[in-house]
Amino acid sequence: MSMNFTEPEERIALRKAVRELGKSYGHEYYLGKARSGGKTKELWDEAGRLGYLGVAVPEEFGGGGAGIGDLAAVCEELCATGTPLLLMVVSPAICATVIARYGTDEQKKQWLPGFATGQVRMAFAITEPDAGSNSHRITTTAQRSNDGWVLNGRKVYISGVDEADAVLVVGRTEDAKTGKLKPALFIVPTDTPGFEYREIEMDLVSADKQFGLFLDDVKLPQEALVGSEDAAIAQLFAGLNPERIMGASFSLGIARYALDKGVAYAKERQVWGTPIGTHQGLAHPLAQVKIELELAKLMTQKAATLYDAGDDFGAGEAANMAKYAGAEVAIRAVDQAVQTHGGNGLASEYGLGTLLAAVRLGRIAPVSREMVLNFVGQHSLGLPKSY
């Protein structure tokens with residue numbers, strides 16, 4: 001497998017086209033939706049019609065047949081224009097990927113064409129109140145019934161459920177041989193009896209809401225189980241690597257948006273007859289952000305390249321590192337852009353203040369910074385497991 005540090009012409013052209021789409025809506029459109037409790041449905045639907053949301057869906061189901069790197073590029077460019085679509089990290093990246101790789105023929109036919117056009121939105125539910133993202137401590141259980149499954153449990157901080165047609169739920173089933181519980185993935189339509197969701201109030205200005213899920217004797221048909229009951233761990237991590245790659249791209253896009261705003265202001269704003277960007281006290285921190293941004297972008301591209309080549313373990317290491325680096329540079333970029341603007345950095349018209357909390361989320365989700373460091377310490381450095 002060869003490694004290329006420049007992107008192919010097709011992806012560069014894709015980036016340009018998506019960037020133009022994002023600019024046609026702009027950050028004011030996004031903030032207007034977020035502050036009014038609205039949804040970015042128009043942007044999502046247009047991106048879907050243009051094929052941008054389905055670039056990684058197999059061609060036989062109407063998608064672009066490309067890799068996670070191309071989908072990540074779409075996510076990054078939309079964020080870079082101030083129009084982030086958080087559900088992209090979940091619906092086409094995790095859910096469509098898992099179904100495309102492990103779903104039955106019937107599941108692929110039912111769901112993938114909708115992912116390809118953006119008409120299908122699917123949320124992903126793994127986190128629980130007492131387990132976090134620890135799949136070994138998940139208490140949501142699925143018991144076999146005469147004609148399928150019965151699902152019971154709770155989930156927390158699940159994005160976009162109010163927009164989703166279904167949720168890909170990580171539960172646990174009993175191993176017939178050992179009696180131990182093992183992870184399993186189920187597709188649960190949001191209108192299924194016994195399935196309820198409640199919004200979690202957040203101090204974030206976002207068009208994407210967070211929810212707690214309550215599953216009370218949710219009856220599912222046999223075909224709700226995704227793939228093999230015995231391969232759920234592999235299936236789960238097949239979805240989590242793209243999630244981390246997309247999370248990194250999400251952070252990179254916001255970092256680019258903030259850096260562009262900071263640089264433009266440093267060029268235009270004059271004090272004592274000279275642009276403030278003339279002064280190293282502002283120029284150097286912006287330059288540092290640019291360097292860290294490019295480094296994080298390279299690691300994200302490496303992770304996508306390894307994943308698309310089928311190297312799941314190598315992609316896991318790179319994707320964790322990319323997610324870590326992307327979150328850190330996004331926080332630094334927004335903070336420095338605000339500082340460059342001075343008091344204007346917190347004025348609504350400059351579109352930066354609301355990003356302070358948004359980028360902080362990158363250190364927490366989809367996996368915490370500390371768990372990334374645990375992974376690197378154990379798997380990359382060979383240190384004893386610490387948890």
K.L.:
Counting N and O atoms only, with roles assigned by atom type, does the side chain of Asp165 sit under 3.5 Å from a partner on the main chain of Arg121, one being a donor and the other an acceptor?
P.N.:
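Such a contact is found between Asp165 side chain and Arg121 backbone.
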K.L.:
Hey, is Arg154 close enough to Glu128 for a salt bridge, meaning N to O under 4.0 Å?
P.N.:
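Looking at Arg154 and Glu128, the cut-off is not met.
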K.L.:
Okay, side chain of Glu294, backbone of Val289: is any donor-acceptor separation there less than 3.5 Å?
P.N.:
no
K.L.:
Do Lys385's NZ or CZ and the ring of Tyr387 fall within the cation-pi criteria of under 6.0 Å and 45°?
P.N.:
yes
K.L.:
Is the cationic atom of Arg198 (NZ for Lys, CZ for Arg) positioned less than 6.0 Å from the six-membered ring centroid of Phe211 and within 45 degrees of its normal?
P.N.:
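The answer is no; the distance or angle limit is not met.
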K.L.:
As a quick check of understanding, evaluate salt bridge (Lys or Arg N to Asp or Glu O under 4.0 Å) for Lys41 and Glu163, giving each step before the final call.
P.N.:
CA-CA 9 Å; Lys41 183 179 185 300; Glu163 298 180 77; over 6 Å; no
K.L.:
Which salt bridge (charged side-chain N to carboxylate O under 4.0 Å, His left out) pairs, counting each pair once, include a residue from residues 82-105, with sequence neighbours left out?
P.N.:
Arg101-Asp312
K.L.:
Just wondering, are more than 12 heavy atoms of other shown residues or ligands nearer than 6.0 Å to CD in Glu28?
P.N.:
no
K.L.:
Using a strict 4.0 Å threshold on nitrogen-to-oxygen distance, state whether Lys16 and Glu77 make a salt bridge.
P.N.:
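Answer for the salt bridge query: no.
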K.L.:
Could you note down all residue pairs passing side chain to side chain donor-acceptor pair (under 3.5 Å) where residues 57-74 supplies at least one of them, sequence neighbours left out?
P.N.:
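Sorted pair list: Arg11-Asp70.
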K.L.:
Run the salt-bridge test on Lys39 and Asp162 with the 4.0 Å N-O cut-off and return the result as yes or no.
P.N.:
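So Lys39 pairs with Asp162 through a salt bridge.
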K.L.:
Quick one: which of Ile200, Leu213, Asp130 gives a side chain to side chain contact (heavy atoms under 4.5 Å, CB included) with Val156?
P.N.:
Ile200
K.L.:
Between Lys323 and Glu243, does any NZ, NE, NH1 or NH2 come within less than 4.0 Å of an OD or OE carboxylate oxygen?
P.N.:
no
